[in-house]
Amino acid sequence: MAQDTLRRNGDRTDMRSSLLQLEPRSWDDLTTAVRTAAGTGVGAFQLVWESFSAREGLQSSEFCSPVGLASLSAALVLTPGQKTTVLDPYMRGGEMLAAAYRHIGGARGTVYGETLDGRLQAVASLYLLHLGVRPKLTSTRSDRWPPSREHDVDVVLTNPPFNMSDAPGPGRRTGNWPYGSPPRGNDNFAWVQYVLGALAPGGRAVVVMPVKAGNSVNTAERDIRRALVRGWAVECVITVPSHLFSATPVPVSLWVLRRAEHPLRDGILFVDSQELGTKVRRRRVLRDADRDAITAVVRPWLDGEQCPDSEYAVRAAERGFSAVVVARAVVADDECSLRPADYLGSGNYGAPPVASQLREAGEDAAEHTDKLRLLEQRAMESGNGYRTGSGPGRWNETVLKDLCEIQPGPSYTRLPAEARTADAGIPLVFPQDLVEGKIADETRDRVPWKTADRFKKFELLPNDIVCVRTGAQQQPALVSGRQAGWLLSSNVTRLRVRPEAEIDPLYLHAYLGLRYAREWMSHRAAATAAPSLSSAALGHLPVRFPPIEHQRRSVDLLGELGRRADAYAAYASALGRLRAELAEHVLHGSVEPL
């Protein structure tokens, strides 16, 4: 039904393959999705999408834009009832376009969306059709930075991927860079210029940018910022509250840009609204009241209101945040910073410490204290302990090949570097992704969706074990539920316990992490320029194991100790953050010791 609905509305996305990528990977995921959607109304789609984004730990290129952030972006540059064309060149799940549609009201505007990921096009199409809008979406753009466009738009709202590298292809050669060529390896300022190029004369854009892009020390980025300031393209920069995103802690700002053909105002409005927002679990949420407070200060500036520059600081202070107007000549100095905190200092001590950050640090430390107390209580109640054993003399002993299916990754000729991408697709697991017995949440390369079906043989399932095949030996890693469907690279090997084998995968993973097993594998790796451990050699690794119930008790004991160790490490980190925040306040005078 979803496929038919999309096609009737002009979207040819393969909905089935898209849903196969988004389906819950475990019973817990399924029950979470059902409980999230149960009893909700028109907001059900967004709630499920945000829940998926939070649980899956998506990368910068994948996670959705928070509703409050999208609503604020639309309110800054759109007027209800005004006929407007709106573009999001990196539309994710359609959140920015949905906010624009709600703000301008019904059919008074046309919304365009672009993406390089057909899976996300399907999500955006469903979301927007659910709201009653027929958007014009495309995922067929072959060049991320096309030198020309079919049409200009009045408004651009977008949340491009943070700090990510250029896609393969001719992008840097064909892109239009009037403010300076962006550095390779980071597309932040490529997106800014692409957005400005999409605007009609006088058009405005709101772009979500990482805070560090405002004062990065990269020479090319600093020169582009200076060109943007001197070219009248930057009107306002707003630092929003931290922890808005479920999948990344990266702090962000909203850059309000305009395609200006003549000078408009001599200054730039800098706003720091980090004090706003409501804490919900481990995130902060921008409510309607926060949006209204910010727009009450920023919209008059954008609309050209004639009043003293100092008036904006007064209005912001009345609403619980800070603002200042800075002359362009001052901004375009040696550093050319577009970071609001650099202009909102006080006295000789610089910017005053942020009270909300101290509150959050204190709450975080208290939360970790409670978690530690609970873990210690459970450990005492469970009776998990240990005693002197009789040794492994009567245990079973066999070789690894009798317990596991051993599958090396695809050959390099089947999966060369040019067949991989840093953009959306199925993550590939490399040796460097094996960290302390786990697979890192973000991998270096991916296989494009359209070619991934050819590599089903190399898929990972929960409780598979991944070992290094080529390169320096690392501790083998256990595959988690959210990594199901990821693929082996050429340099790793997958172990999958046979159904008939009387060994627990978690026990085997712990066994392979022993110093003895790791040294065994290192000594049998072929001594070449890059050490290589063949499947045949790995299959002869001797494995000793007790009866299955004994294995599971062992795994429970080690798992509990591991969880407690992780909790203590997190607690120490939270205390360190609290100390750092408290030092800022104590040594600034805003907090006094008892």
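This one's a predicted model, so the numbers in the text were calculated from it and none came from an experiment.
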Participant: If we check side-chain contact (heavy atoms from CB on, under 4.5 Å) with Leu478, which of these qualifies: Leu434, Leu506, Leu508?
Facilitator: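 That would be Leu506; it is the only one of Leu434, Leu506, Leu508 passing the side-chain contact (heavy atoms from CB on, under 4.5 Å) with Leu478.
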Participant: Please report the shortest heavy-atom distance between Ile503 and Val497, naming the atom on each side.
Facilitator: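 Smallest heavy-atom distance, with atoms named: O-CG1, 3.7 Å.
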Participant: Does Gln483 reach the main-chain N or O of Ile439 with its side chain, forming a donor-acceptor pair under 3.5 Å?
Facilitator: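 Pair found, side chain donor or acceptor close to backbone of Ile439.
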Participant: Report the residues that fulfil side chain to side chain donor-acceptor pair (under 3.5 Å) with Tyr516, sequence neighbours left out, ordered by chain and then residue number.
Facilitator: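 If we apply the side chain to side chain donor-acceptor pair (under 3.5 Å) test to Tyr516, skipping adjacent residues, there are no hits.
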Participant: With sequence neighbours excluded, what pairs up with Glu519 under the salt bridge (charged side-chain N to carboxylate O under 4.0 Å, His left out) test?
Facilitator: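 Glu519 satisfies salt bridge (charged side-chain N to carboxylate O under 4.0 Å, His left out) with no residue once adjacent residues are dropped.
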Participant: Step by step, would you call Ser554 with Gln551 a side-chain hydrogen bond (donor to acceptor under 3.5 Å, both in side chains)?
Facilitator: CA-CA 5 Å; Ser554 300; Gln551 295 176 40; over 6 Å; no
Participant: Any side-chain heavy-atom pair from Met521 and Leu538 closer than 4.5 angstrom?
Facilitator: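 They are in side-chain contact.
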Participant: Checking His368 side chain against Leu575 main chain: does a donor-acceptor pair fall under 3.5 Å?
Facilitator: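 Absent.
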Participant: May I ask you to decide if Ala569's main-chain N or O and Ser573's side chain share a donor-acceptor pair within less than 3.5 Å?
Facilitator: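 Checking the backbone N and O of Ala569 against the side chain of Ser573, no donor-acceptor pair under 3.5 Å is found.
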Participant: Classify the ring geometry between Trp191 and Tyr194 as parallel (under 30°), tilted (30 to 60°) or perpendicular (over 60°).
Facilitator: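 Rings of Trp191 and Tyr194: perpendicular, over 60°.
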Participant: Looking only at heavy atoms, which two atoms of Trp395 and Tyr507 are closest? And how far apart?
Facilitator: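 Looks like CZ3-OH, 3.3 Å.
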Participant: Where do Ala501 and Leu403 come nearest, in terms of heavy atoms and distance?
Facilitator: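 Looking at all heavy atoms of both residues, the shortest contact is CB-O, 3.7 Å.
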Participant: Looking at residues at least two apart in the chain, or sitting in another chain, which of them share a side chain to side chain donor-acceptor pair (under 3.5 Å) with Ser390?
Facilitator: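 With sequence neighbours excluded, Ser390 shows a side chain to side chain donor-acceptor pair (under 3.5 Å) to no residue whatsoever.
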Participant: Kindly indicate whether the side chain of Leu533, heavy atoms from C-beta on, has any atom under 4.5 Å from the side chain of Arg469.
Facilitator: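 Answer no - side chains too far apart.
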Participant: To check you understand the geometry: which heavy-atom pair defines the closest contact between Asp504 and Ile548, and what is its length?
Facilitator: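 Shortest heavy-atom separation between Asp504 and Ile548 comes out as N-CD1, 3.7 Å.
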Participant: Under the rule for ring pair (Phe, Tyr, Trp, His ring centres under 6.0 Å), what residues qualify as partners of His540, not counting sequence neighbours?
Facilitator: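 In terms of ring pair (Phe, Tyr, Trp, His ring centres under 6.0 Å), with neighbours along the sequence ignored, His540 is linked to no residue.
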Participant: Within the structure provided, determine whether Met96 and Asn159 are in side-chain contact (heavy-atom separation under 4.5 Å).
Facilitator: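 They are in contact (side-chain heavy atoms under 4.5 Å apart), so the answer is yes.
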Participant: To check you understand the geometry: which heavy-atom pair defines the closest contact between Pro161 and Asn188, and what is its length?
Facilitator: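 Smallest interatomic distance, heavy atoms only, reads O-OD1, 4.0 Å.
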Participant: Would the distance check show the side chain of Gln475 and the main-chain N or O of Leu512 forming a donor-acceptor pair, the cut-off being under 3.5 Å?
Facilitator: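 Flag not set: sc Gln475 to bb Leu512 has no pair under 3.5 Å.
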Participant: Have a look at Ser216 and tell me which of Arg339, Glu221, Arg222 forms a side chain to side chain donor-acceptor pair (under 3.5 Å) with it.
Facilitator: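 By the side chain to side chain donor-acceptor pair (under 3.5 Å) criterion, Ser216 pairs with just one of Arg339, Glu221, Arg222: Glu221.
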Participant: Is the closest side-chain heavy-atom distance between Tyr511 and Val543 below 4.5 Å?
Facilitator: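 Yes - at least one pair of side-chain heavy atoms lies under 4.5 Å apart.
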Participant: Checking Arg564 now: which residues fulfil side chain to side chain donor-acceptor pair (under 3.5 Å) with it, not counting sequence neighbours?
Facilitator: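 For Arg564, the residues satisfying side chain to side chain donor-acceptor pair (under 3.5 Å) (neighbours in sequence not counted) are Glu376, Glu560.
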Participant: Do Val240 and Leu69 make a side-chain contact, defined as non-hydrogen atoms from C-beta onward lying under 4.5 Å apart?
Facilitator: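 A side-chain contact exists here, since the closest heavy-atom pair is under 4.5 Å.
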Participant: Between Arg373 and Asp370, is the closest basic N to carboxylate O distance under 4.0 Å?
Facilitator: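 Looking at Arg373 together with Asp370, the answer is yes, because their closest N to O distance falls below 4.0 Å.
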Participant: Contact between Thr239 and Val252 at the side-chain level, heavy atoms closer than 4.5 Å - yes or no?
Facilitator: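 They are not in side-chain contact.
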Participant: Considering residues, nucleotides and ligands other than Glu397, do more than 12 of their heavy atoms fall under 6.0 Å from its CD?
Facilitator: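 Enclosed: over 12 neighbouring heavy atoms sit under 6.0 Å from CD of Glu397.
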Participant: In chain order, what residues pass the side chain to side chain donor-acceptor pair (under 3.5 Å) check against Asp402, with sequence neighbours excluded?
Facilitator: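 For Asp402 the side chain to side chain donor-acceptor pair (under 3.5 Å) partners, ignoring immediate neighbours, are Thr398.
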Participant: When you compare the side chain of Trp486 with that of Glu459, does any pair of heavy atoms fall below 4.5 Å?
Facilitator: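 No; the side chains remain at least 4.5 Å from each other.
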Participant: Tell me whether Ser489 contacts the main-chain N or O of Val429 through its side chain, where contact means a donor paired with an acceptor under 3.5 Å.
Facilitator: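 Yes, because the side chain of Ser489 sits within donor-acceptor range (under 3.5 Å) of the backbone of Val429.
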Participant: Within the structure provided, determine whether Asp187 and Pro160 are in side-chain contact (heavy-atom separation under 4.5 Å).
Facilitator: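 In short, these two side chains do not touch, never coming nearer than 4.5 Å.
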Participant: Write down the atom of Asn463, the atom of Pro505, and the distance for their closest heavy-atom approach.
Facilitator: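 Asn463 and Pro505 have their closest heavy atoms at O-CB, 3.7 Å.
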